[in-house]
Enquirer: 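I have a structure here, written as structure tokens, and I will follow up with some questions on it.
Sequence lines set the chain letters: A, B, ... in the order given, protein chains first and strands last, and positions in each chain run from 1. Note that the structure is predicted; figures quoted are calculated from it, not measured.
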There are 2 protein chains.
Amino acid sequence: MALGKDYARQECSIARALEVVGERWTLLVVRDALYGVRRYNDFLVHLGIPRAVLAARLQTLTAEGILEKRRYQDSPPRDEYVLTDRGIALWPTLRALGLWGREHFTETQLRAFRHATCGTELELGPYDECPACGTVVPVPDVEMVPGPGLDPAPADPVSRALLKPKRLLQPIETDPA
Amino acid sequence: MALGKDYARQECSIARALEVVGERWTLLVVRDALYGVRRYNDFLVHLGIPRAVLAARLQTLTAEGILEKRRYQDSPPRDEYVLTDRGIALWPTLRALGLWGREHFTETQLRAFRHATCGTELELGPYDECPACGTVVPVPDVEMVPGPGLDPAPADPVSRALLKPKRLLQPIETDPA
DNA sequence: AATGTCAGTTCGGTCACTGAATCAAGGGGG
DNA sequence: CCCCCTTGATTCAGTGACCGAACTGACATT
């Protein structure tokens, strides 16, 4: 959502959750983080989000314990934003939203998700129960592969990096091509 | 979300879904509809949403095929808004969001959900798999019961109507007390 | 006729978002 | 040393969404 982000008078976990992640762009930042994006600039080019808004969202998400700011080199000092357990726990929500969006508004499949340890495609629902193993697949073991509907040659390097099959949470590798 | 609600350049079912239901208040309107709210005025008092925003959201949701406007009496002409299958399909998303909000931000349990046909509490995940029956419970068979954290005597009649255990989608009965 | 209800629409003010410009801290090259 | 580049922001003017209150219009009740 956006604007005055509190829903006064609402006694509801859903409303509470939306106060935290309901602002515009917020869930897309979390999605990118799950896809392995970690750096300010990568979020910027991949989302096309205004810089000020990105800075504000990263700060809010960090304050709410969803992202953690981490120094990854000292000179020059550079930080990256990685998901905490609380942030990773948003995966079922994003998965449910993505399944709904694909079912009702997207013609072709853009991405598929597989159980990395056995290769089986995860199709059922937000909790990624593996039809072969019968277990709930932990988020780091979910492998993302591009679907037929995805642009094969996107302009920005982050989208290009996301064309390779990769596990969730695994940092992306942007080639400088 | 708000403001220019489209996320340009995003090739993603999640972004697509957020363009439809990501604006402020939208998901709360859908939540209320799942709880059985159907009338303009009931949404208004229960959500505390500005009238103009509610009118806009109801129109958008109707245009997107999530709600359906239905005449329920002719004089005076009165319409109610009921969820379509596309709208009902948002339940797993809202369930996931509510579970995450409760887990991380709400101290006491506000509402519980049970399998109406066998009484078993649904705790696992967005898809409401019943631990007793082993089946996925269809949305109309999910019974909502108030939890210990809920205000026992709320001010507005809609909140009061929602204190009684009731199935999802079943219309609320507001007593004029 | 007067009052009340329901479902909106209109309107001015405020505040968040947008996009461009700018800033600051540290390399690296010449 | 000076200039420019990269990264991670902050500032600022302009736009537009949201807010709350007032108003409209159709009908019902008293």
Enquirer: Name the closest nucleotide to the Arg51(B) side chain, picking from dC18(D), dG8(D), dA7(C).
Expert: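 Out of dC18(D), dG8(D), dA7(C), the nucleotide with an atom closest to Arg51(B)'s side chain is dA7(C).
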Enquirer: What is the distance, to the nearest angstrom, from the CG atom on Leu44(B) to the P atom on dG8(C)?
Expert: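 Between P of dG8(C) and CG of Leu44(B): 11 Å.
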Enquirer: Under 4.5 Å between any side-chain heavy atoms of Trp100(A) and Val21(B), yes or no?
Expert: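 Side-chain contact under 4.5 Å: yes.
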Enquirer: Mind jotting down which residue pairs meet the salt bridge (Lys or Arg N to Asp or Glu O under 4.0 Å) criterion with at least one end in residues 29-47 of chain A? Sequence neighbours excluded, please.
Expert: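 Sorted pair list: Arg38(A)-Glu80(A).
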Enquirer: Take the protein atom CG of Leu54(B) and the nucleotide atom C1' of dG20(D), then report the distance between them rounded to whole Å.
Expert: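 Nearest whole value for this atom pair: 14 Å.
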Enquirer: So, taking the atom named CG in Asp141(B) and the one named CG in Leu168(B), what distance separates them when rounded to the nearest 0.5 Å?
Expert: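 Taking CG in Asp141(B) and CG in Leu168(B), the distance rounds to 9.5 Å.
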Enquirer: Please state how far atom CZ in Arg70(A) lies from atom P in dG8(D), giving the value in whole angstrom units.
Expert: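 Whole-Å distance recorded here is 15 Å.
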Enquirer: Would you mind reading off the distance between Leu47(A) atom CG and dT18(C) atom P, rounded to a whole angstrom?
Expert: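 Result: 11 Å.
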Enquirer: Can you tell me how far P of dT10(D) sits from CZ of Arg57(A), to the nearest Å?
Expert: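 Spelled out: CZ on Arg57(A) to P on dT10(D) is 14 Å.
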Enquirer: Taking only the side-chain heavy atoms of Ala52(B) (C-beta and beyond), determine which of dG20(D), dG8(D), dG19(C) contains the nearest atom.
Expert: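 Selected nucleotide (nearest to the side chain): dG20(D).
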Enquirer: Is any side-chain nitrogen or oxygen of Trp25(B) closer than 4.0 Å to OP1 or OP2 of dA17(D)?
Expert: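 Trp25(B) to dA17(D) OP1/OP2: no side-chain N or O under 4.0 Å.
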Enquirer: Considering residues at least two apart in sequence or located in another chain, which fulfil the side chain to side chain donor-acceptor pair (under 3.5 Å) criterion with Asp79(A)?
Expert: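 Applying side chain to side chain donor-acceptor pair (under 3.5 Å) to Asp79(A) gives Arg71(A).
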Enquirer: Looking at every strand, decide which applies to Ala56(A) at a 4.0 Å heavy-atom threshold: base, sugar-phosphate, or nothing.
Expert: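 Nothing, no nucleic acid heavy atom in range.
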Enquirer: With rounding to the nearest 0.5 angstrom, report the CG to CD distance, Leu122(A) to Glu143(A).
Expert: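 With rounding to 0.5 Å, CG (Leu122(A)) is 10.0 Å from CD (Glu143(A)).
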Enquirer: For His115(B), enumerate each residue passing the ring-ring contact (aromatic ring centres under 6.0 Å, His included) test, keeping only those at least two apart in sequence or located in another chain.
Expert: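 Once residues adjacent in sequence are excluded, His115(B) has no partner under the ring-ring contact (aromatic ring centres under 6.0 Å, His included) criterion.
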Enquirer: Using the side-chain heavy atoms of Glu23(A), tell me which of these nucleotides is nearest: dC17(C), dT7(D), dC18(D).
Expert: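 Minimum distance to the Glu23(A) side chain belongs to dC17(C).
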Enquirer: Which part of the nucleic acid, if any, lies within contact of Phe43(B), taking any heavy atom under 4.0 Å across all strands shown: a base, the sugar-phosphate backbone alone, or nothing?
Expert: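 Phe43(B): no heavy atom of the nucleic acid under 4.0 Å.
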Enquirer: To the nearest Å, how far apart are Ile49(A) CD1 and dA16(C) C1'?
Expert: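 Nearest whole value for this atom pair: 13 Å.
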Enquirer: So what does Val53(A) hit on the nucleic acid, given a heavy-atom distance under 4.0 Å: a base, only sugar-phosphate, or nothing?
Expert: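 Val53(A): base contact, heavy atoms under 4.0 Å.
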Enquirer: How does protein reach along nucleotides 24-30 of chain C, written 5' to 3' as B (base within reach of a heavy atom under 4.0 Å), S (only sugar-phosphate), or - (no contact)?
Expert: --SS---
Enquirer: Where each residue is assigned the nucleotide of DNA chain C containing its nearest heavy atom, which of Tyr40(B) and Pro50(A) is assigned the position nearer the 5′ end?
Expert: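 Final value for this comparison: Tyr40(B).
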Enquirer: According to a strict under-4.0 Å criterion, is Asn41(B) in side-chain N/O contact with OP1 or OP2 of dC6(C)?
Expert: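 It does, given that an N or O in the side chain of Asn41(B) lies less than 4.0 Å from OP1 or OP2 of dC6(C).
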Enquirer: Mind calculating the distance between OH (Tyr81(B)) and C1' (dG8(C)) to the nearest angstrom?
Expert: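 Going from Tyr81(B) (OH) to dG8(C) (C1'), I get 9 Å.
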Enquirer: May I ask you to list the residues sharing a hydrophobic cluster with Leu110(B), side-chain cutoff 4.5 Å, ordered by chain and number?
Expert: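 Members other than Leu110(B) - counting any ILVMFWY side chain reachable under 4.5 Å - are Leu150(B), Leu163(B).
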Enquirer: Which residues pass the side chain to side chain contact (heavy atoms under 4.5 Å, CB included) test with Gln109(A), not counting sequence neighbours?
Expert: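 Result, side chain to side chain contact (heavy atoms under 4.5 Å, CB included) vs Gln109(A): Arg102(A), Ala112(A), Glu121(A), Glu123(A), Pro148(A).
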Enquirer: Atom CZ of Arg71(A) to atom P of dA9(D): distance rounded to whole Å?
Expert: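 One finds 10 Å between P of dA9(D) and CZ of Arg71(A), rounded.
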Enquirer: Please determine whether a side-chain nitrogen or oxygen atom of Lys69(B) lies at a distance below 4.0 Å from atom OP1 or OP2 of dG8(C).
Expert: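 So the side-chain polar atoms of Lys69(B) do come within 4.0 Å of the phosphate oxygens OP1 or OP2 of dG8(C), strictly under.
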